[in-house]
Amino acid sequence: MAKPFYSNSVEFPVTLRPITKPDDRDTHQDIVNIQHTFRSLLREMDSLFLGHTRYTTPDISKTWSTVGVGGVVEADSTEQVIVAAAGTTGTNLILQVHPTDPTPHTIRAAVFSQFSQKDFLGTGICLRNSTSGAVWTVGVRGANLEVCEYASPTTLTTVHFSAPWVQAQPQWYKIYDSGTSTTFSVSVDGYYWTALFTGTSPVYDEAGLWVSNENSATPELGITSRLISWRDEPGAI
């Protein structure tokens with residue numbers, strides 16, 4: 001007999017009451033708890049009806065580290081979050097990364113963020129060389145879906161792919177590295193993927209979440225991005 005779909009869900013106590021003040025922190029926590037409970041429900045429904053789950057909580061046992069300036073990282077047992085203040089006119093990436101597994105491997109992730117299609121605000125997932133500081137990103141930047149290469153978090157060198165894009169919520173990304181070539185892909189559901197760019201495998205040893213808070217015209221805006229699912233697995237997935 002199949003087990004109930006809620007049997008493995010993470011339990012979050014939820015107490016609802018009317019919102020009386022916009023800065024009511026208890027009410028805000030209620031909303032966060034509801035979000036966590038809903039994500040647990042989605043994971044268990046996937047397991048029940050599909051035999052597997054798309055959603056995998058980012059592993060907090062890994063050594064996650066913050067790279068770049070202008071952001072604050074908030075992490076808990078369900079997600080990695082970067083909260084970035086309004087930026088300036090120059091390129092600026094803020095990363096939350098951890099050491100990667102050996103190639104060949106596949107990274108699949110879901111990123112939840114919504115922001116104005118303004119200047120170069122953006123988010124997605126990335127690879128990073130901790131020695132040289134070089135970064136390779138896939139994600140939305142401004143109004144475009146892009147695959148980019150940076151010499152450092154403040155120096156954009158190459159845009160390998162760019163096309164207008166309307167974000168889905170959450171946005172799914174995949175990076176597959178065969179050991180000789182790397183393919184960056186996107187998906188709106190985590191099942192069906194569209195390959196954006198394939199190139200020679202870069203030299204990297206870290207991977208994770210990135211945001212760009214670059215914008216100049218008034219008003220300058222910040223960005224918050226949540227890494228809600230993260231899987232780094234051997235082989236082609």
Side-chain angles (χ1 to χ4, degrees), residues 19 21-25 27-28 31-32 34-36 38-39 58 66-76 78-97 109-128 135-150 152-175 184-190 194 196-197 208-230:
I19 296 176
K21 295 186 298 183
D23 60 349
D24 189 329
R25 294 182 62 85
T27 300
H28 173 74
I31 295 172
V32 171
I34 292 171
Q35 290 176 332
H36 289 172
F38 183 63
R39 288 175 194 160
T66 307
V67 178
V69 297
V72 175
V73 172
E74 299 178 0
D76 62 22
T78 63
E79 59 188 17
Q80 296 282 332
V81 183
I82 299 177
V83 181
T88 60
T89 57
T91 298
N92 189 58
L93 298 183
I94 304 157
L95 319 174
Q96 179 72 347
V97 294
V111 177
F112 189 93
S113 183
Q114 191 162 353
F115 50 89
S116 172
Q117 294 184 335
K118 176 180 182 295
D119 293 333
F120 302 104
L121 293 175
T123 186
I125 64 172
C126 65
L127 306 173
R128 177 176 181 262
V135 181
W136 295 263
T137 66
V138 57
V140 177
R141 196 171 66 107
N144 293 330
L145 177 64
E146 296 185 339
V147 176
C148 297
E149 184 175 341
Y150 296 78
S152 73
T154 58
T155 306
L156 173 63
T157 54
T158 306
V159 178
H160 292 289
F161 172 88
S162 182
W165 187 256
V166 177
Q167 294 186 73
Q169 296 296 339
Q171 186 71 66
W172 289 85
Y173 301 106
K174 179 168 71 172
I175 301 175
F184 299 83
S185 303
V186 67
S187 172
V188 297
D189 58 10
T194 299
L196 306 177
F197 173 78
L209 174 69
W210 68 272
V211 303
S212 167
N213 65 339
E214 176 188 357
N215 61 127
S216 57
T218 304
E220 292 187 5
L221 302 173
I223 181 172
T224 298
S225 187
R226 317 173 84 94
L227 182 64
I228 62 175
S229 180
W230 179 266

Beyond-backbone contact of [X] with [Y], side-chain heavy atoms, under 4.5 angstrom:
X      : Y      : result
Ser162 : Leu145 : no
Leu209 : Thr123 : yes
Val186 : Val138 : no
Thr91  : Thr155 : no

Checklist entry - Residues in side-chain hydrogen bond (donor to acceptor under 3.5 Å, both in side chains) with Ser212, at least two apart? => result none
Item to check | Partners passing side-chain hydrogen bond (donor to acceptor under 3.5 Å, both in side chains) against Trp230 (at least two apart in sequence or in another chain) | outcome: His98
What's the separation between atom [atom1] in [X] and atom [atom2] in [Y], rounded to the nearest 0.5 Å?
X      : Y      : atom1 : atom2 : result
Ile223 : Ser113 : CD1   : OG    : 4.0 Å
Cys148 : Phe120 : SG    : CZ    : 9.5 Å
Asn144 : Trp165 : CG    : CH2   : 11.5 Å
Leu93  : Thr154 : CG    : OG1   : 8.5 Å
Thr194 : Lys174 : OG1   : NZ    : 10.0 Å
Glu214 : Asp119 : CD    : CG    : 7.0 Å

Tell me if a side-chain donor or acceptor on [X] pairs with a main-chain N or O of [Y] at a distance below 3.5 Å.
X      : Y      : value
Gln80  : Gln96  : no
Gln171 : Ser187 : yes
Asn213 : Ala85  : yes
Trp210 : Leu95  : no
Thr158 : His160 : no

Under the side-chain contact (heavy atoms from CB on, under 4.5 Å) rule, collect the residues that match up with [X], sequence neighbours excluded.
X      : value
Val69  : Asn92
Pro170 : Tyr55, Ala110, Phe112, Trp172, Ile228
Val83  : Glu74, Val81, Thr224

Item to check | Short side-chain donor-acceptor distance under 3.5 Å, Thr157 and Glu149 | outcome: no
Closest non-hydrogen atom pair between [X] and [Y], with its separation:
X      : Y      : result
Lys118 : Glu220 : NZ-CA, 4.3 Å
Tyr150 : Leu156 : CD2-CA, 3.5 Å
Ile94  : Gly70  : CD1-C, 3.5 Å
Ser116 : Leu221 : CB-CD1, 3.9 Å
Leu227 : Pro58  : O-CG, 3.4 Å
Val67  : Pro153 : CG1-CG, 4.1 Å

Item to check | Where at least one partner belongs to residues 138-148, residue pairs that pass salt bridge (Lys or Arg N to Asp or Glu O under 4.0 Å), sequence neighbours excluded | outcome: Arg141-Glu146
Next on the checklist: Apply side chain to side chain contact (heavy atoms under 4.5 Å, CB included) to residues Ser152 and Val135 and explain how you reach the verdict.
Outcome noted: CA-CA 6 Å; Ser152 73; Val135 181; over 6 Å; no
Next on the checklist: Pair Val140, Tyr173 - check side chain to side chain contact (heavy atoms under 4.5 Å, CB included), show working.
Outcome noted: CA-CA 10 Å; Val140 177; Tyr173 301 106; 3.7 Å; yes
